[in-house]
Amino acid sequence: GTVSEVFRGRKNRRYSCEVHVVRVLKGFRDGLKRSIVVEGLGNNQICSSNPKKGDTRIFMLSEERNGVLKLNSSVIRITLSNLDRTEAAVNGMYFPLPTCFPS
């Protein structure tokens, strides 16, 4: 999804953002709005959890009991390799590590 708005709190470094959903790879799809609010950003226990407005990333989320969507992993840059790896993981398939080519 693409971050369309950032909501920063005053109490701590954690914040939330509004994300425009581009594609859902796994999980809740029915009734999903085009824009969702993601909480738990800026968590120092999660590497790379600080997307900025305009960033397009892969978000790994979990749904809390009250329906809140919370970040549970680093946000991932959109690359062909990352999309392939994520798609394979979602489908329970093995994704081989890239091989190095000698020069």
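Everything numeric in this text was worked out from a predicted model, so none of it was measured. Here, residue 1 is the first one in the sequence, and each next residue gets the next number.
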Ionic contact status for Glu18 with Lys53, cut-off 4.0 Å: no
Measuring only between side-chain heavy atoms, which start at C-beta, is [X] closer than 4.5 Å to [Y]?
X: Pro51; Y: Phe59; result: yes
X: Leu71; Y: Asn43; result: no
X: Asn50; Y: Tyr15; result: yes
X: Ile36; Y: Val21; result: yes

For Asn72 against Ser62, the heavy-atom pair lying closest together: ND2-CB, 3.6 Å
Can a donor-acceptor pair be found, under 3.5 Å and without considering hydrogens, that links the side chain of [X] to the backbone of [Y]?
X: Asp55; Y: Val3; value: no
X: Asn91; Y: Ala88; value: no
X: Ser74; Y: Cys47; value: yes
X: Thr2; Y: His20; value: no

ILVMFWY cluster, Val75 and Val24 together (side-chain gap under 4.5 Å): yes
Atom pair CD (Glu39) and NZ (Lys70), whose distance is rounded to the nearest 0.5 Å: 8.0 Å
Nearest-0.5 Å distance that lies between atom NZ in Lys26 and atom CG in Leu61: 13.0 Å
Linked hydrophobic residues, Leu83 as query - side chain contacts closer than 4.5 Å: Ile58, Met60, Ile76, Ile78
